[in-house]
Amino acid sequence: MSPFRPDLVDCWMFRVRGGRTEVLLIRRAPGRILPGLWQCVSGSLETGERVALGALRELQEETGFGPDAIEAFFDLDLVNQFHEPSVDGVVTAAVFAVRLVPEAEPTISAEHDAARWVPLNTAHVEVVWPGYRTALERIRDDLSDPGRAPWFALTLGGERAG
């Protein structure tokens, strides 16, 4: 097997409050590529960094969420590919999700200028990219199903749980 490393990691954040699933959307700040875009955490891997751990590092850097805020960590079994004109090539992103404690509130980095919790269905309508909608569908269809969710679960060390 010859695995390839993705260019980016994406990490979707959600919580369950009062039986309702909410997704945290963060808005890209002015002066960056795609300013104003509502998105999940996204960033590049560091040299030699494990892919899943890169997602957790980016989560901490962009939102301040560390292990105490995380109830569960998931590999969404999704790798998005898209053409990015700024690099004149196709970019790949491995996609993850974290279920946060119900009271979780972000401390966003300078990469973003706003954050808001929205119902899962609202997030699905508001996000721009098809890959984002697919990730939200995985949260809705797989992670909310107690029979399926364990198959996607990872430890905070990036290993398959259970």
Side-chain angles (χ1 to χ4, degrees), residues 1-15 21-29 32-101 104 106-115 117 120 123-124 126-143 149-161:
M1 179 185 324
S2 298
F4 74 92
R5 290 178 59 78
D7 302 295
L8 303 171
V9 287
D10 288 347
C11 190
W12 289 91
M13 303 148 288
F14 70 101
R15 67 184 182 186
T21 301
E22 299 175 325
V23 173
L24 183 66
L25 295 178
I26 51 180
R27 187 174 62 197
R28 294 180 69 89
R32 301 190 66 227
I33 187 172
L34 304 171
L37 178 73
W38 288 98
Q39 66 174 152
C40 62
V41 163
S42 184
S44 300
L45 290 169
E46 295 179 353
T47 303
E49 183 174 44
R50 294 193 57 198
V51 178
L53 297 182
L56 292 175
R57 177 188 48 76
E58 287 289 339
L59 177 73
Q60 175 93 43
E61 290 176 4
E62 294 186 22
T63 65
F65 294 133
D68 292 344
I70 299 171
E71 287 186 340
F73 180 38
F74 302 98
D75 180 343
L76 290 185
D77 192 30
L78 178 64
V79 176
N80 289 324
Q81 297 182 60
F82 56 94
H83 172 255
E84 177 48 54
S86 68
V87 297
D88 191 28
V90 173
V91 176
T92 59
V95 187
F96 298 87
V98 289
R99 185 179 66 234
L100 300 165
V101 296
T107 302
I108 58 173
S109 71
E111 295 181 32
H112 300 90
D113 65 358
W117 289 102
L120 179 58
H124 190 270
E126 290 187 8
V127 296
V128 173
W129 307 123
Y132 284 6
R133 287 191 295 280
T134 300
L136 293 170
E137 290 162 6
R138 300 261 170 114
I139 292 169
R140 180 194 67 206
D141 298 342
D142 297 318
L143 303 187
W151 294 102
F152 295 85
L154 298 175
T155 68
L156 294 184
E159 302 294 332
R160 292 258 172 232

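Side chains included, hydrogens not; waters and symmetry mates left out as well; all remaining heavy atoms used.
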Enumerate the residue pairs fulfilling salt bridge (charged side-chain N to carboxylate O under 4.0 Å, His left out) with a member in [range], sequence neighbours excluded, ordered by first and then second residue.
{"range": "residues 90-101", "value": "Glu71-Arg99"}
{"range": "residues 4-14", "value": "none"}
{"range": "residues 52-64", "value": "Glu46-Arg57, Glu49-Arg57, Arg57-Glu61"}

Any donor-acceptor pair under 3.5 Å from Arg50 side chain to Glu159 backbone: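 Answer holds: no.
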Using modelled atom types only, decide if a donor and an acceptor are shared between the side chain of Arg140 and the backbone of Leu120 within a distance under 3.5 Å. no
Which heavy-atom pair separates [X] from [Y] by the least distance, and what is that distance?
{"X": "Leu143", "Y": "Ala97", "result": "CD1-CB, 4.0 Å"}
{"X": "Phe14", "Y": "Thr21", "result": "CD1-CG2, 3.9 Å"}
{"X": "Ala104", "Y": "Leu100", "result": "CB-CB, 3.8 Å"}
{"X": "Leu53", "Y": "Gly158", "result": "CD2-N, 4.0 Å"}
{"X": "Leu45", "Y": "Gly54", "result": "CD2-CA, 3.9 Å"}
{"X": "Leu78", "Y": "Arg138", "result": "CB-NH1, 3.6 Å"}

[X]: what forms a side-chain contact (heavy atoms from CB on, under 4.5 Å) with it, not counting sequence neighbours?
{"X": "Thr107", "answer": "none"}
{"X": "Pro67", "answer": "Gln60, Leu156"}
{"X": "Arg32", "answer": "Arg28, Ala29, Glu111, His112"}

Within this structure, what is the [atom1]-[atom2] distance for the pair [X] and [Y], rounded to the nearest 0.5 Å?
{"X": "Ile139", "Y": "Thr134", "atom1": "CD1", "atom2": "OG1", "result": "11.5 Å"}
{"X": "Asp77", "Y": "Asp142", "atom1": "CG", "atom2": "CG", "result": "9.0 Å"}
{"X": "Leu25", "Y": "Leu37", "atom1": "CG", "atom2": "CG", "result": "9.5 Å"}
{"X": "Cys40", "Y": "Trp129", "atom1": "SG", "atom2": "CH2", "result": "13.0 Å"}
{"X": "Asn80", "Y": "Thr92", "atom1": "CG", "atom2": "OG1", "result": "9.5 Å"}

Can you name the residues that form a salt bridge (Lys or Arg N to Asp or Glu O under 4.0 Å) with Arg27, not counting sequence neighbours? Asp113
Testing Val9, Val98, Val41 for side-chain contact (heavy atoms from CB on, under 4.5 Å) with Leu56, which one passes?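 So, applying the side-chain contact (heavy atoms from CB on, under 4.5 Å) to Leu56 and each of Val9, Val98, Val41, only Val98 qualifies.
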Residues passing the ring-ring contact (aromatic ring centres under 6.0 Å, His included) test with Phe73, sequence neighbours excluded, are Phe96
Would you indicate whether Asp88, at its atom CG, is surrounded by more than 12 heavy atoms from other residues, nucleotides or ligands within a distance under 6.0 Å? no
Please enumerate all residues that pass side-chain hydrogen bond (donor to acceptor under 3.5 Å, both in side chains) together with [X], with sequence neighbours excluded.
{"X": "Arg160", "answer": "none"}
{"X": "Trp38", "answer": "none"}
{"X": "Gln81", "answer": "none"}
{"X": "Asp75", "answer": "none"}

How are the rings of Phe65 and Trp117 set to each other: parallel, tilted or perpendicular (split at 30° and 60°)? tilted
pair Leu24-Pro106: side-chain heavy atoms closer than 4.5 Å: yes
Please report the C-alpha distance between Ile70 and Leu59 in whole Å, then the side-chain angles of each, then the deciding distance to 0.1 Å, and finally whether the side chain to side chain contact (heavy atoms under 4.5 Å, CB included) criterion is met. CA-CA 10 Å; Ile70 299 171; Leu59 177 73; 3.8 Å; yes
